[in-house]
Amino acid sequence: MPAAGRVAGAVADEPLVVFTPSGRRGRFPAGTPLLAAARRLGVDLDSVCGGRGICTRCQVRVSEGEFAKHGIVSAEDHLTGLSDRERRQLATRRLKEGHRLSCQARIAGDLVADVPETSQVHRQIVRKRAAARNIRIDPLVRPMYVEVPPPDLAHPAGHLRRLKESLRQGFGVRVTEADLHAVRKLHSTLEAGGYRATAFVRDRRRLVDLRPGFRDRVFGLAVDVGSTTLAVHLCDLLSGEVLASLGRMNPQIRFGEDLMSRVSFAMMNEDGAAEMTQAVREALNELAVEAAAAAGVEPADVLEVAIAGNPVMHHLLLGLDPAPLGFAPFALATDEGTELAAADIGLGLGPAARAYVLPCIAGHVGADAAGVVLSEMPYRKKEITLIVDVGTNAELVLGNAERLLAASSPTGPAFEGAQLSCGQRAAPGVIERVRIDPVTLEPRYRVIGDERWSDEPGWDPAPSGICGSGIVEAIAELFLAGIVHPDGAIDGSLAQRSARVVPDGRTFTYVIRAGEPEIAITQNDVRQIQLAKAALYAGARLLMDRMGIDAVDRVTLAGAFGSQIDPKYALLLGMVPDCEPGRVTSAGNAAGTGARIALLNRRLRRELERRVRGIEKVETAVEPRFQEHFVDAMAIPHRSAPYAKLRAAVDLPPPPPAPAGRATRRRRSGGGARHSR
Ligand code: FES
């Protein structure tokens, strides 16, 4: 709500100042610095130098003309003339033509002062994805330039006390705590800067670092610790800009491909967990240093880190025993947001850097899912969203502003291409897109890193395999072409029509690419994907049961696989419940985005912690209906769910006939969903 009318103590004939876009206004005596008026009214106007005309963050623009709404005429000469400092900043172009430094310009008459977005402390940064929310910047650490009185025999206060007083006077902050390493360097830093220094203050109360002279930048690192990939984003904490993004394979892969095998490694080897902890910390530290170098930033200037990761990654990074996450009741050592010195998890950024690890939701729904929740904010929406973060273990969040539920589902590694005949991790040269002509049954495909299709002239790459999203597409296309039946069987009778369908023992295989290497979809591949997608669907359906709903308004696919997969094929295969195809979308690396939001906005960090505590957890392992949902979801897209919204958009083959009895289905060779996570 804009503050309106008179400021306490103002008199009616004093100039009226209106700040836009906030609309805050008040009367001030002529001669009041405009920055002081803004502060008094609580206007969001930046300042790093405490009003000394150095930082140029406090720029405003005078709107000229008659403002009937406010009953005033505003003009540029209703501010005092340009100061020497403003002239100097204009010459260096740090002060824009037509702008004024609000700390230098004094009020001389009625005024409408516009605060451009670049001068706002809590500015928004626009995310590239059109449907996504923007991020509001409100970092935990801020630089504050101060000029501290030198020590004086007559006033024998210590450096820290004099610095605190300068911060109070310049920025209105009351620093109550100071990190020891910052206190240790106080004397040398103040001396080096001639008692001019930039203090880095965390949460407006803790002195965390100090540099001689004027600094107006501070940096942070958002980290996504995936079981397969590590990703870091080095950000400017004040602008929100991502300056460098780097990723690499999680070196823990050598201890086990999926989460469960890493938990097993920790259980079977005395130093197993410690080895994995060391491996991931070393890799993250290297990435952090590389990201700083890529951005041209000193590692010691990175003062804040925010980290998201699934529960096993979370525990291994923090040096917590992951073994209890391998069996019921899947007990987490801590599910709270954890704040610690970055050095404690091996990040060699400098003694001032603090790390924040996002909270976990439950034993199988980790800080990565919390990151997705922060990125997508289903708790602020009316519509019911199902968020699916697909990995070796799918993490599911369902709900809206009224209620949020979470569960995980044991999908296994098939979606990542593991345990499939030609499956590979997503990498350049691996098939990621497949189309099958329903008349000729001929395929065409595309590989990662090449925009061309295989039937285009000049196409020559020899793909080395097919990634998880490619297999999902291939099976969905086989289904649309009538080669794979709704029960998942590859139709052997088509071998007479197409050389692509070949016998393989008692079953059949569809050959996408003949020759060396041959790339094919076997009957077992289809089964593996059916098992994985049925587990995913069953988990989602359980959450819907618990919420008492039969349909969701929106499905958001997150995670590496979720961002690679074409949402249409996820729906076609029945990985997710029926929904308008246009409302099944990919959120990209939403866990990483969540880490970035937690890095850039201290209030949203607290909001996330509150929301996460309110999420109801559903443990799929002990829900009797899981198996029932799982069996029905083995069919493509589903045995009994009508998928009416999908059918309205796509011509689908009819659903398979109802089975003679569930008991026979339960004896299938592929087994049920495995809960040995
Ligand atoms: Fe820094 Fe005005 S507050 S230049």
Side-chain angles (χ1 to χ4, degrees), residues 17-22 24 26 28 30-63 76 78-108 111-123 137-139 141-149 163-175 193-201 204 209-219 236-240 301:
V17 182
V18 182
F19 287 93
T20 56
S22 67
R24 291 176 187 255
F28 296 90
T32 307
L34 196 53
L35 180 63
R39 285 207 174 134
R40 190 108 180 258
L41 294 171
V43 173
D44 187 15
L45 181 52
D46 204 359
S47 159
V48 172
C49 70
R52 291 184 172 78
I54 300 172
C55 70
T56 66
R57 299 271 179 159
C58 64
Q59 298 186 33
V60 295
R61 205 172 24 213
V62 172
S63 302
E76 282 186 4
H78 290 185
L79 283 176
T80 50
L82 281 175
S83 69
D84 289 346
R85 293 218 160 169
E86 285 176 293
R87 281 184 218 286
R88 279 204 293 275
Q89 298 290 18
L90 268 175
T92 61
R93 304 218 175 148
R94 294 188 68 212
L95 175 60
K96 282 195 195 150
E97 204 64 52
H99 283 199
R100 298 294 306 270
L101 292 181
S102 62
C103 62
Q104 303 295 305
R106 292 171 184 270
I107 297 165
L111 207 60
V112 174
D114 184 49
V115 181
E117 181 131 10
T118 44
S119 299
Q120 294 171 15
V121 180
H122 303 119
R123 77 192 74 165
I137 308 294
D138 184 10
V141 179
R142 294 194 63 82
M144 297 180 184
Y145 172 78
V146 281
E147 293 176 4
V148 182
L163 175 73
K164 283 179 177 177
E165 181 53 25
S166 302
L167 287 167
R168 192 188 65 73
Q169 284 178 12
F171 295 89
V173 297
R174 286 186 189 280
V175 169
Y195 288 85
R196 294 183 173 87
T198 302
F200 293 90
V201 179
R204 295 185 63 80
D209 210 353
L210 199 71
R211 298 279 188 280
F214 174 72
R215 297 286 194 102
D216 65 348
R217 294 187 86 187
V218 56
F219 305 95
D236 181 319
L237 285 185
L238 302 185
S239 70
D301 289 340

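Just so it is clear, the values below take in all heavy atoms, side chains as well, and ignore hydrogens, waters and symmetry mates. Remember, it's 1-based here, ligands and their atoms both numbered in the order they're listed. Owing to the predicted nature of the structure, the values given are computational and were not obtained by experimental measurement.
Scanning for side chain to side chain donor-acceptor pair (under 3.5 Å) contacts around Ser63 gives an empty result, with sequence neighbours left out. Remark: Arg204 engages no residue in a side chain to side chain donor-acceptor pair (under 3.5 Å) (not counting sequence neighbours). Checked against side chain to side chain donor-acceptor pair (under 3.5 Å), Arg100 has the following partners two or more places apart in sequence or in another chain: Glu86.
With respect to Arg215 and Asp209, no salt bridge is recorded, no charged nitrogen being found less than 4.0 Å from a carboxylate O.
Contact between Thr32 and Ala37 at its shortest, heavy atoms only, is CG2-N, 4.3 Å. When all heavy atoms of Leu95 and Leu90 are compared, the pair lying nearest together is O-CD2, 3.4 Å.
Around atom 2 (Fe) of ligand 1, the protein atoms of type N, O or S found under 2.8 Å away are Cys58 SG, Cys103 SG, listed by chain and number.
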